[in-house]
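Structure record follows, encoded as structure tokens.
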Amino acid sequence: MRIAEKFRELKAKNEKALIAYICAGDPSADATREYVHTLVKGGVDMVELGLPFSDPVADGPTIQAASDRSLEAGMNPDTYFELAASIKEQVPLICMTYYNLIFRRGVEKFVKDCAASGITGIIVPDLPIEETDDILKACKAHCVDMIFMVTPLTDKERMQKIFTKGSGFLYIVSRLGVTGTRADVAKSTKEVLDKVNTALPRAVGFGISNGKQATEVIAAGADAIIVGSAFVNIIASQDNVEGRLEELARELKAGCIGQ
Amino acid sequence: MQKPTYGRFGGQFVPEVLMPALNELEEEYERYKGDPGFLRELNYYLTEFAGRSTPLYHARNLSKKYGTKIYLKREDLLHGGAHKLNNTIGQSLLAKYMGKKRIIAETGAGQHGTATAMAGANLGFETVVYMGAKDVERQRMNVYRMELMGTKVCPVRSGSMTLKDAINEALRDWVTNVENTHYLIGSVVGPHPYPMIVRDFQSVIGKEVKQQIMEKEGRHPDSIIACAGGGSNAMGIFYPFIDDTDVKLLPVEAGGCGIQVQGKTATHSASLGAGEEGILQGARTLILQDRYGQILESTSVSAGLDYSGVGPELAHLAETGRIKPGNVNDQEALNAFHELCRLEGIIPALESAHALAYVKKMADTGELGDLVVVNLSGRGDKDLETVLKLKVTDNEEKQ
């Protein structure tokens with residue numbers, strides 16, 4: 001499913017989007033398939049499926065540990081695409097990974113494999129707009145959205161360039177730092193949102209972990225929230241994982257409805 | 001919009017949050033690199049604080065043994081005991097001009113960390129150094145030296161717990177504190193403009209060699225040999241000779257215990273010789289990776305060469321054939337270490353011992369010519385524990 005279609009569908013229902021990140025293959029491909037099912041049941045609208053990299057510099061300890069577990073269990077790009085293709089839920093799947101894995105497979109082939117396995121968006125945290133000519137060409141050819149990040153430090157001129165290159169949604173990093181849960185999110189979110197003037201849906205990520213924060217971020221004007229580490233922590237705990245994933249998804253989704 | 005690269009190599013593969021900082025660094029560097037005030041101050045610190053220029057020493061006994069005239073560029077005599085201070089003084093001064101209050105660095109052997117601690121203390125910065133936990137263990141004295149100078153040393157326990165992981169952690173710190181912090185990268189690696197800045201600050205080595213060899217010999221050397229992990233001492237001594245095609249430039253990588261891959265580990269650190277093109281820590285370069293692009297852990301007896309990548313400019317120069325990479329294994333490096341101690345009364349760093357071992361390896365081939373310069377990039381006091389441990393193991397095996 002394309003991302004824009006999902007946003008249209010949600011708009012008609014007057015809902016905002018909940019985007020969940022989990023690391024594919026943590027702790028196994030079968031478990032990931034189940035978790036996607038559970039998350040969608042709990043109200044998740046789109047799933048970012050992390051393809052683990054050995055050196056994830058933009059991620060904090062939670063997601064690095066998840067990547068390590070997944071790699072240890074044998075996840076690789078081949079099995080990743082098989083997993084993605086086997087997911088039946090009708091939600092947009094987004095591949096989040098680091099550029100070396102894409103480069104190594106061949107940019108064109110990687111994007112083609114995404115499209116063939118039902119992935120309709122790509123996020124590459126170590127690929128700034130300056131280095132994206134190849135991947136944008138491939139994304140265009142295979143109808144896959146390339147999603148870019150903006151941060152509190154991105155100036156107007158760069159924002160403008162990013163708006164013209166990105167599609168799907170704009171990933172707004174609400175604060176400086178790496179991924180991970182944080183106590184206060186809302187403050188800097190509003191500041192960044194105020195600077196972002198684009199027709200693309202605005203998704204806020206980094207640091208959101210509970211319903212209260214979700215409500216605040218949506219109230220600040222976001223079209224979507226992205227939650228990763230809070231879900232990954234549940235998976236890492238191995239304690240009633242599916243029950244708690246669904247419960248957290250419901251809590252977060254409640255903050256995206258009826259504001 | 002593409003940034004300057006070295007052939008296909010280089011670039012800026014970093015999170016968006018760092019792009020403003022890299023752009024700022026590039027602009028400020030362009031502003032100050034030719035500024036007379038900045039250069040005067042840099043020169044003052046290099047001369048009065050670091051002790052430049054370093055001697056170009058004719059190693060008579062070594063020369064005699066290998067039948068060719070060998071000069072050692074004595075970077076081991078620089079304050080701190082390695083070439084690293086050239087770069088840390090340069091970048092710290094730049095950070096001061098840029099108004100930053102805090103500097104962070106990664107370190108492998110601890111040499112760059114120590115050099116950062118020295119510059120940081122002297123220029124009044126809050127200084128934090130990230131170091132792989134494995135390296136903290138094998139370089140305890142350097143950790144203590146840094147702490148003495150007021151630097152906070154953070155052991156990194158992720159991944160292979162070596163240099164690569166220390167860089168990842170430093171990048172994470174920088175992503176979080178980019179507004180008041182300068183990330184002082186210690187080698188010619190990482191995103192543009194770092195490979196250029198570090199090369200420029202280290203080029204003082206090659207510039208001095210050029211002048212000194214003309215004074216002593218009235219001609220260029222036939223070859224220049226330097227060890228290469230990330231490659232800063234190699235780029236530093238090579239760069240002023242790049243256009244002098246009569247000079248062979250020979251980077252020597254760590255062959256570890258053989259050019260092989262076992263599981264997720266390469267048993268060597270020879271990215272130039274055996275690596276493949278990829279993206280690591282901000283740059284497109286030659287890296288040690290598996291078929292999917294996961295980064296392999298590297299291996300070397302010397303912590304300073306134990307790295308899965310190499311500077312992008314070296315990758316480019318190797319591809320164009322201007323430099324000819326070679327490698328020596330752990331044992332060859334250790335033999336050269338002992339040999340220099342006994343023949344010349346100089347204890348070399350295990351990193352530099354790789355360059356010396358290459359002389360030994362290549363002397364009979366005639367490849368090196370009649371006049372050879374070896375970059376003695378650091379002194380070996382920091383490695384005594386490692387060498388002693390290996391010697392004990394060796395003796396036990398013999399019994």
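Below, chains carry the letters A, B, ... as their sequence lines are ordered, and counting in each starts from 1.
- Proximity to chain B involves both the backbone and the side chain of A:Phe53, based on heavy atoms less than 4.5 angstrom apart.
- Contacts between B:Asn177 and chain A at a heavy-atom distance below 4.5 Å are absent for every atom of the residue.
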Pair B:Lys152, B:Val129 - check side chain to side chain contact (heavy atoms under 4.5 Å, CB included), show working. CA-CA 6 Å; B:Lys152 188 178 164 205; B:Val129 168; over 6 Å; no
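- When heavy atoms are compared at a cutoff of 4.5 Å, A:Pro125 approaches chain B solely by way of its backbone atoms N, CA, C and O.
- A salt bridge is defined here as a Lys NZ or Arg NE, NH1 or NH2 lying under 4.0 Å from an Asp or Glu carboxylate O, and A:Lys190 with A:Asp194 meets this definition.
- Between the side chains of B:Tyr130 and B:Asp165, no donor-acceptor pair is found at a separation under 3.5 Å.
- Most heavy-atom pairs under 4.5 Å with chain A, from the set B:Ile287, B:Val14, B:Asn168: that is B:Val14.
- Close approach to chain B, defined as a heavy atom under 4.5 Å from one of its heavy atoms, is seen in A:Gln64, A:Leu71, A:Glu72 of residues 64-74 of chain A, taken by number.
- If you measure heavy-atom distances from B:Arg284 to chain A, the contacts under 4.5 Å come from the side chain alone.
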Check against side chain to side chain contact (heavy atoms under 4.5 Å, CB included), B:Gln294 and B:Lys264: CA-CA 9 Å; B:Gln294 306 292 358; B:Lys264 291 194 295 181; over 6 Å; no
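- A centroid separation of less than 6.0 Å is found between the aromatic rings of A:Phe110 and A:Phe81.
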Using the side chain to side chain contact (heavy atoms under 4.5 Å, CB included) rule, take A:Tyr171 and A:Val150 through it: C-alpha gap first, then chi angles, then the decisive distance, then the call. CA-CA 6 Å; A:Tyr171 192 137; A:Val150 298; over 6 Å; no
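- Contact annotation for B:Pro15: both backbone and side-chain heavy atoms come within less than 4.5 Å of a heavy atom of chain A.
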Apply salt bridge (Lys or Arg N to Asp or Glu O under 4.0 Å) to residues B:Lys101 and B:Glu126 and explain how you reach the verdict. CA-CA 7 Å; B:Lys101 304 286 175 230; B:Glu126 180 195 341; over 6 Å; no
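- Residues B:Glu106 and B:Tyr183 have side chains that bring a donor and an acceptor to within less than 3.5 angstrom of each other.
- Side-chain polar atoms of A:Glu82 and A:Ser86 form no donor-acceptor pair below 3.5 angstrom.
- No hydrogens or angles considered: nothing links the side chains of B:Tyr194 and B:Gln12 as a donor-acceptor pair under 3.5 Å.
- The candidate with the highest count of non-hydrogen atom pairs below 4.5 Å against chain A, out of B:Gln281, B:Glu169, B:Glu277, is B:Glu277.
- Among A:Thr151, A:Asn76, A:Asn100, the residue with the largest count of heavy-atom pairs under 4.5 Å with chain B is A:Asn100.
- At a 4.5 Å heavy-atom cutoff, the contact between A:Pro52 and chain B is made by backbone atoms alone.
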